[in-house]
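This structure is a prediction, so every number in the text was calculated from the model and none was measured. By convention here, the first residue in the shown sequence is residue 1.
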Amino acid sequence: MTMNPTSIRDVAQLEDLLSEPTEDVIRTLSDLDGDIVVIGVGGKMGPTLARMAMKAFELGGARRRVTGISRFSSPQLKRQLESWGIETVGCDLLDPGFSASLPDAAGVIFMAGMKFGSRFSRPEMFTGSRRFRTEVLAKKMR
């Protein structure tokens with residue numbers, strides 16, 4: 001793949017370029033002792049980050065899983081991630097019992113958040129995501 005094309009023909013090529021891991025990313029993730037969970041994979045940067053991690057594992061020869069956690073309001077995104085080899089788990093981060101069902105992972109990347117300008121229909125969406133992040137990290141990093 002050309003890393004510095006003079007033009008980008010379509011969104012698929014852009015996604016390929018943005019998700020291409022550098023040698024440092026490949027080396028770092030190959031050294032990781034386990035799988036990765038990306039919480040909030042359905043957002044703006046989550047799919048690209050999860051795909052990059054999956055590519056890095058494959059290129060580095062590491063047999064690891066990347067699991068994407070999201071509400072998946074778009075079924076198309078869920079299918080796309082799965083076509084890239086990323087496992088998906090649909091959830092509501094505000095469900096207090098959900099963290100018990102998360103897969104074990106050596107790395108947890110928290111990407112969930114609210115878009116700028118969003119209105120809170122449920123105030124706990126803001127404080128709840130912070131609480132969830134703390135609980136998940138405490139559980140997974142013991």
Side-chain angles (χ1 to χ4, degrees), residues 1-5 8-142:
M1 173 176 296
T2 304
M3 289 304 293
N4 296 310
I8 297 173
R9 70 182 172 275
D10 56 23
V11 173
Q13 183 187 19
L14 176 62
E15 180 59 41
D16 284 341
L17 290 168
L18 291 174
S19 64
E20 194 65 30
T22 64
E23 290 298 322
D24 288 337
V25 170
I26 295 168
R27 187 173 34 261
T28 298
L29 291 185
S30 293
D31 290 344
L32 188 65
D33 190 27
D35 302 329
I36 289 179
V37 170
V38 181
I39 298 171
V41 75
K44 188 71 102 177
M45 299 183 321
T48 305
L49 182 128
R51 187 176 187 199
M52 180 186 293
M54 194 73 223
K55 285 181 176 183
F57 282 148
E58 291 168 353
L59 291 169
R63 297 186 67 76
R64 305 270 189 269
R65 296 180 315 153
V66 176
T67 304
I69 311 291
S70 177
R71 284 183 298 159
F72 291 111
S73 49
S74 167
Q76 179 182 357
L77 175 60
K78 187 177 189 309
R79 286 190 300 273
Q80 182 66 62
L81 289 165
E82 291 168 350
S83 78
W84 293 331
I86 298 160
E87 297 177 21
T88 59
V89 176
C91 78
D92 180 350
L93 297 182
L94 298 177
D95 176 357
F98 178 75
S99 62
S101 67
L102 287 175
D104 288 331
V108 177
I109 302 170
F110 190 88
M111 301 287 292
M114 297 295 293
K115 292 180 182 176
F116 291 111
S118 295
R119 299 220 184 266
F120 296 111
S121 58
R122 295 169 45 195
E124 70 272 17
M125 290 179 74
F126 180 72
T127 57
S129 68
R130 287 187 14 213
R131 185 193 76 235
F132 176 82
R133 176 177 54 208
T134 304
E135 289 174 2
V136 168
L137 293 177
K139 175 188 168 194
K140 294 297 176 186
M141 301 302 170
R142 288 180 199 200

| Among Leu81, Ile86, Leu18, which residue meets the side-chain contact (heavy atoms from CB on, under 4.5 Å) test with Pro47? | Leu81

| To the nearest 0.5 Å, what is the distance between NZ (Lys78) and OG (Ser70)? | 10.0 Å

| Taking atom CG of Leu17 and atom CD of Glu20, what is their separation to the nearest 0.5 Å? | 8.0 Å

| query | How far does CZ of Arg51 sit from CD of Gln80, to the nearest 0.5 angstrom? | reply | 7.0 Å

| task | Could I get the full list of side-chain hydrogen bond (donor to acceptor under 3.5 Å, both in side chains) partners for Glu58, not counting sequence neighbours? | result | none

| message | Between Arg64 and Leu32 (side chain of the first, backbone of the second, donor and acceptor by atom type, cut-off under 3.5 Å), is there such a pair? | response | yes

| Nearest 0.5 Å, what's the CH2-CE distance between Trp84 and Met54? | 12.5 Å

| query | Mind checking whether Ile109 and Ile36 have side chains closer than 4.5 Å, heavy atoms only? | reply | yes

| query | Any donor and acceptor pair, going by atom type alone, linking the side chain of Lys55 with main-chain N or O of Asp16 inside 3.5 Å? | reply | yes

| Where do Ala56 and Ser30 come nearest, in terms of heavy atoms and distance? | O-OG, 4.4 Å

| message | Would you say that Glu87 contacts Pro103 through its side chain, given a criterion of any heavy-atom pair below 4.5 Å between the two side chains? | response | no

| said: Is it the case that the side chain of Thr28 and the backbone of Val25 share a donor-acceptor pair, with hydrogens and angles ignored and the cut-off at 3.5 Å? | reply: no

| said: Within the structure provided, determine whether Thr48 and Glu15 are in side-chain contact (heavy-atom separation under 4.5 Å). | reply: yes

| query | Say you draw a straight line from CG of Asp24 to CG of Leu29; how long is it, rounded to the nearest 0.5 Å? | reply | 11.0 Å

| Gap separating the CD atom of Glu82 from the CG atom of Leu77, nearest 0.5 angstrom | 9.5 Å

| message | Do Phe72 and Val41 make a side-chain contact, defined as non-hydrogen atoms from C-beta onward lying under 4.5 Å apart? | response | yes

| Given side chains that start at C-beta, do those of Ile69 and Val37 come closer than 4.5 Å, heavy atoms only? | yes

| Crowded around Asp10 CG? As in, over 12 foreign heavy atoms under 6.0 Å? | yes

